[in-house]
2 protein chains.
Amino acid sequence: MSTKNKILDAAESLFANKGFNGTSLREITGQADVNLAAVNYHFGSKKELIKAVMSRYMNELSPRLESALRQVCEIEAPNLIDVFSAFIDPLLSLNKFKDNGTSNFLQLLGRGYTDSQGFLRWFLTTQYPGVIDNFVLAVQKSYPELSAEEMFWRLHFTMGTVVFTMSSSDALIDIAKSDFDRDLQISDVIRNVIPYVAAGVGAPMPLKR
Amino acid sequence: MSTKNKILDAAESLFANKGFNGTSLREITGQADVNLAAVNYHFGSKKELIKAVMSRYMNELSPRLESALRQVCEIEAPNLIDVFSAFIDPLLSLNKFKDNGTSNFLQLLGRGYTDSQGFLRWFLTTQYPGVIDNFVLAVQKSYPELSAEEMFWRLHFTMGTVVFTMSSSDALIDIAKSDFDRDLQISDVIRNVIPYVAAGVGAPMPLKR
DNA sequence: AAGTAGTTTAAACAAGCGTTTAAACTAACG
DNA sequence: CGTTAGTTTAAACGCTTGTTTAAACTACTT
């Protein structure tokens, strides 16, 4: 395997588990078994390496997501469960693309939102706006009564639920094993969260005060 | 004001805004206008300082929360909106206790959950178990059909929603101003999130597969 | 007034960080 | 074979980190 890919793989799992700030280039190059200077040679800087790790996933994911969400919009009367279920297959397809792909990607998403002062939010909204646009369209078709303002809040809450859940999914799976004797996978976590966020976004419009 | 409190105040706002890993002792002592060595003299280490910042809030908050949740349990037929609304007054009371108290505390909670590999989860569950126990009791009384396993998941999702929302509440308030011309406060964010999490936790039990 | 416990201070410590340098190595082409 | 472009390497750079040291200062007690 190429040095570049060895770095990307090592950086990905370390970033997912310990955050961007919490992972040093020496840890990455140590786990990748390459020279320290290779990161700056191939990627220029640590920040560019972070972008490269995220891009590798987003380039795989965003066309699948956009197409799945467009399909939902073509349903005659879609509901919110349909909308959120559209995420399942594209997300799980990351596991074929790479071992632990789904889990790593979702954890990275969580890290990027809390580490590094909103840099990742800028990255996603500017580099991959198509996903967000199609998602909003699908939600609007499923719940037309939802005002733009209310939608803004609820989509943000949903982002929080998903990102936070996934960034601690390893711990959750461990607890499910010890407390309920269940052997769960990341796909089970995804399936569990869908009814929750669908109900949250679909909550009745609150009365004006 | 005492050196100790100057350090605690500076550390609190810096930790909330930049995370625990992202804040150096030199930034803290610089903003507090005290000597660098004062942190280690008064608190022993950075880790102990983090605990002290969290404890200052939890010691104020946990008795109020426990009592509010116990009151909910005494309602004849409480619903989930009652349960989550019980958090409002205790959380907002932190604003009397300190400027920006509510916002800072909730942001710190979010930081602690994602920074520092679950150290804060250990801290909260071992040091303040009474809050969690009373919360679970109140949810059970409001939604008895919810299985223990389903409850575990949904409470975790809720934690994620709240913690993530609050850790980025400053950004949210800014967006609400620019996009919808609304001047919101942290209390408005709290009131917005309650219908969402109440609906999420109250979602119908999924069919067995 | 001398002594003492508590606090503050400037300075230094060792360790880790991201990045840069320049030399060594590799492989392909003319 | 010699040259050249691409890659890897060890070493060092300058800087920041949390922590420690020992001297200076403060305020209260004997």
Quick one: is [X] getting a side-chain N or O under 4.0 Å of the [N] phosphate, OP1 or OP2?
{"X": "B/Thr3", "N": "C/dT8", "result": "yes"}
{"X": "B/Ser45", "N": "D/dG18", "result": "no"}
{"X": "A/Asn35", "N": "D/dA10", "result": "yes"}
{"X": "A/Ser24", "N": "C/dC17", "result": "yes"}

For [X] and [N], what is the distance between atoms [atom1] and [atom2] respectively, to the nearest whole Å?
{"X": "A/Ile7", "N": "D/dT7", "atom1": "CD1", "atom2": "P", "result": "12 Å"}
{"X": "B/Ile28", "N": "D/dT17", "atom1": "CD1", "atom2": "C1'", "result": "12 Å"}
{"X": "B/Lys18", "N": "D/dT16", "atom1": "NZ", "atom2": "C1'", "result": "13 Å"}
{"X": "B/Leu14", "N": "D/dT17", "atom1": "CG", "atom2": "P", "result": "12 Å"}
{"X": "B/Met1", "N": "C/dT8", "atom1": "CE", "atom2": "P", "result": "13 Å"}
{"X": "A/Arg26", "N": "D/dA12", "atom1": "CZ", "atom2": "P", "result": "14 Å"}
{"X": "A/Lys46", "N": "C/dG18", "atom1": "NZ", "atom2": "P", "result": "4 Å"}
{"X": "A/Lys47", "N": "C/dC17", "atom1": "NZ", "atom2": "C1'", "result": "16 Å"}

For this session: Report the residue (A/Gly44 or A/Glu27) whose heavy-atom-nearest nucleotide on DNA chain C is the more 5′ of the two.
Result: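 Checking each residue's closest nucleotide, the 5'-ward one belongs to A/Glu27.
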Exercise. When you check the gap from the basic side-chain N to the acidic O, do A/Arg56 and A/Asp9 get nearer than 4.0 Å?
Worked result: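 A salt bridge links A/Arg56 with A/Asp9.
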Exercise. Any salt bridge between A/Glu150 and A/Arg154, counting N to O under 4.0 Å?
Worked result: yes
Problem set entry | Any residue meeting ring-ring contact (aromatic ring centres under 6.0 Å, His included) with A/Tyr41, in chain and number order, not counting sequence neighbours |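 Scan of A/Tyr41 (ring-ring contact (aromatic ring centres under 6.0 Å, His included), adjacent residues dropped) gives none.
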Exercise. Closest nucleotide of DNA chain D for A/Tyr41 versus for A/Leu36: which of these residues is on the 5' side?
Worked result: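 On the 5' side of the pair lies A/Tyr41.
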Seminar exercise, completed: Walking DNA chain D from its 5' end, the first of A/His42 and B/Ala37 to be reached, judged by nearest nucleotide, is A/His42
For this session: Could you tell me whether A/Thr29 contacts a base, only the sugar-phosphate backbone, or nothing, with contacts defined as non-hydrogen atoms closer than 4.0 Å?
Result: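 Answer is nothing: A/Thr29 stays at 4.0 Å or more from every strand.
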Exercise. Which is true for B/Ser2 with a 4.0 Å heavy-atom rule: it touches a base, it touches only sugar-phosphate, or it touches nothing?
Worked result: nothing
For this session: Report the C-alpha separation of A/Ser13 and A/Gln31 in whole Å, then their side-chain angles, then the decisive distance to 0.1 Å, and conclude whether the side-chain hydrogen bond (donor to acceptor under 3.5 Å, both in side chains) test is met.
Result: CA-CA 10 Å; A/Ser13 74; A/Gln31 176 162 322; 3.2 Å; yes
Problem set entry | Any donor-acceptor N or O pair under 3.5 Å, side chains B/Ser142, B/Asn79 | no
